Visitor: 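Take this structure, written in structure tokens, and hold onto it; I'll ask about it next.
Counting starts at 1 for both ligands and their atoms, in listed order. These figures come from a predicted structure and were not determined experimentally. FYI, the numbering just counts along the sequence from 1.
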Amino acid sequence: MGVSRGGFSSRIGFIMAAAGSAVGLGNIWGFPTQTASNGGAAFVLVYLVLAFCLAYPAFMAELLIGRYGQANAVTSLQKMSHKLWQKRFAFIVGFGGIICAALILSFYGILAGWMMSYAIEPLAKLMGFNEVAQWLVDQSLIRNLAFTAFFMLLTIFIIRRGVEEGIEKWSKRLMPMLIALLILLIIYVVTLDGALEGLNAYLNPDFSRVLEPDLLISALGQAFFSLSLGTSVMVIYGSYISKKEDLVSLGAQVTLIDVSIAFLAGLLIIPAMYVAQAQGVAIFAEDGSLISGSSLVFTVLPSLFDGMGAVGLFVGFGFFVLMTIAALTSSISMLEGPVSYAVERHDIERTKATTFIGLGILALSVIIVLNIEFMLDLVAIISTQYGQPIIAMLCSIFVGWIWHRNSLLAEIKQGHENIENTLFWKIWPWYVKYICPTAIAIVFLHSL
Ligand code: TRP
């Protein structure tokens, strides 16, 4: 197995791929939306603290598991286990993560399909196909099915090519495009009337809200979703990194990119809402809170683009292409979790495994689309609010309590000889053992 396994060919390849997984609809849609519905800057502050203090340590646990095991989540966790019950526990945690990734992909593909159809709409308008344009932005069964399938086929196409030729190559192409588009859009929006008021709402915290339980839970969930934790994905990406690399700093860089892009997305979306307001679009719901969720992305922003006239077509196109790219570099990571498992544990050829699993997940998406009213939220809640935190917590327990300490320390040392002088070495092993599981459990129980 060792020889035929793929791997990232360079540091930058890993950074782009892992950041590609992390940066997704969660950053560009979820984060600004949550910020809007949780009182603006107070949420941003809490999110930053939780992302660095809880999500980053948990992220490191998953990367280290994978790099130690050099295999999919189940095999890697089993390599650390010595007793039979530990091996069984390893299976539950690893396989649970893989199922969670598949479930997330099944609803994520639907949302990504919407992004694609909204990206094509301005092109249809530009070419004068107004009816097609209207069809693209109206909720309909056919449109949802067509675009979900289209998006899933793209994901399958990339994953079939493997780690280096698929994941790494496409992440390296798409991530710079994403960052450039995001910055261009921010520069444009910030110059419009009303943007300053938006910046103020985004950056001026109301400290009295910082400890509200709802806000804490949303911020934690958002941080875990954003780093793709608890789904076996970061374990498998960790397993594709060479032992020569300094994993601790790579992990920190990916976290930094992820958090920065979420922050930048807020800098785009919140001011854009206030610009829309200056143009007469309603941005507050009846209870006085900022409009959030899907109406923000699919109503408020499109009205803003419409109000801009011809420029709006290009801005709208740029925005939804941005969303689509972000979704694609994430969806490939979700598919890689189950595919690597099938390839390594059941000796199925990669292309076959990818097609088979990808189509299986698409079938699940179709079921969701057919029952969209109640299934979309249900699957999202089960996988992201329950699945991810529980599995991420079990991974920290695994690293803290089951993995032999000496072997854990030896793995941290790989690629970083002087690590013993760092804060990470002194604090993290203890932190991941006690603080991570406890804090995740507290926040989780609180949310029940
Ligand atoms: N992190 C991505 C986002 O913010 C979503 C994502 C990608 C994901 N891969 C994942 C979430 C695996 C959970 C599991 O949109």
Visitor: Within the 4.0 Å heavy-atom shell around Ser333, which atoms of ligand 1 are there?
Guide: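 In order of number, 7 (C), 9 (N).
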
Visitor: How long is the straight-line distance from OG of Ser239 back to CG of Leu64, given to the nearest 0.5 Å?
Guide: 12.5 Å

Visitor: Should the ring pair Phe89 and Phe398 be called parallel, tilted or perpendicular, given that the plane angle runs from 0 to 90° and is split at 30 and 60?
Guide: parallel

Visitor: Among all protein heavy atoms, pick out the one at the shortest distance from atom 8 (C) of ligand 1; state its residue, atom name and that distance to 0.1 Å.
Guide: Ser228 OG, 3.5 Å

Visitor: If every non-hydrogen atom of Phe8 is compared with every non-hydrogen atom of Tyr237, which pair is closest and at what distance?
Guide: CE1-O, 3.6 Å

Visitor: Report yes if some N/O of Leu25 lies less than 3.5 Å from some N/O of ligand 1; otherwise report no.
Guide: yes

Visitor: Considering only protein heavy atoms, which is closest to atom 2 (C) of ligand 1, and at what distance to one decimal place?
Guide: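 Answer for atom 2 (C) of ligand 1: Ser21 O, 3.2 Å.
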
Visitor: Would you give the length of the straight line joining atom OG1 of Thr329 to atom CE of Met177, rounded to the nearest 0.5 angstrom?
Guide: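 Spacing of OG1 (Thr329) from CE (Met177) equals 11.0 Å.
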
Visitor: Using a 4.0 Å cutoff against the non-hydrogen atoms of Ser226, which atoms of ligand 1 qualify?
Guide: 1 (N), 4 (O)

Visitor: For Glu411, is there an ion pair with Lys243 - N to carboxylate O distance below 4.0 angstrom?
Guide: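 Looking at Lys243 and Glu411, the cut-off is met.
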
Visitor: Work out whether the distance between some heavy atom of Ala101 and some atom of ligand 1 is less than 4.0 Å.
Guide: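 It does not; every heavy atom stays at 4.0 Å or beyond.
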
Visitor: At what distance, to the nearest 0.5 angstrom, does CZ of Phe298 lie from OG of Ser303?
Guide: 13.0 Å

Visitor: With a 6.0 Å cut-off (strictly less than), is the heavy-atom count around CG of Asp347, excluding the residue itself, greater than 12?
Guide: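 No, because the 6.0 Å sphere around CG of Asp347 holds 12 heavy atoms or fewer from other groups.
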
Visitor: Side chain, backbone, both or neither: which applies to Ala22 and ligand 1 if a contact is any heavy-atom pair less than 4.0 Å apart?
Guide: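 It is the backbone that gets close, since no side chain atom is under 4.0 Å.
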
Visitor: Would you call Trp29 a ligand 1 contact, heavy-atom distance under 4.0 Å?
Guide: no

Visitor: For ligand 1, which is the ligand I care about here, please tell me if Thr231 has any N or O atom under 3.5 Å from one of the ligand's N or O atoms.
Guide: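 So ligand 1 has no N or O lying under 3.5 Å from an N or O of Thr231.
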
Visitor: Number the atoms of ligand 1 from 1 as they appear, then name those within less than 4.0 Å of a heavy atom of Asn27, with their elements.
Guide: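 Near Asn27, meaning under 4.0 Å from one of its heavy atoms, ligand 1 has 4 (O).
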
Visitor: What is the minimum heavy-atom distance between Thr148 and Asn144, and which atoms define it?
Guide: OG1-O, 2.6 Å

Visitor: Would you mind telling me if ligand 1 is within reach of the side chain of Phe225, the backbone, both or neither, using heavy atoms under 4.0 Å?
Guide: both

Visitor: Enter the distance from Ile15:CD1 to Glu168:CD here, rounded to the nearest 0.5 Å.
Guide: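 Spacing of CD1 (Ile15) from CD (Glu168) equals 11.0 Å.
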
Visitor: Taking distance alone, with N or O pairs closer than 3.5 Å, would you say Val23 contacts ligand 1?
Guide: no

Visitor: Enumerate the atoms of ligand 1 whose separation from the nearest heavy atom of Ile104 is less than 4.0 angstrom.
Guide: 13 (C), 14 (C)

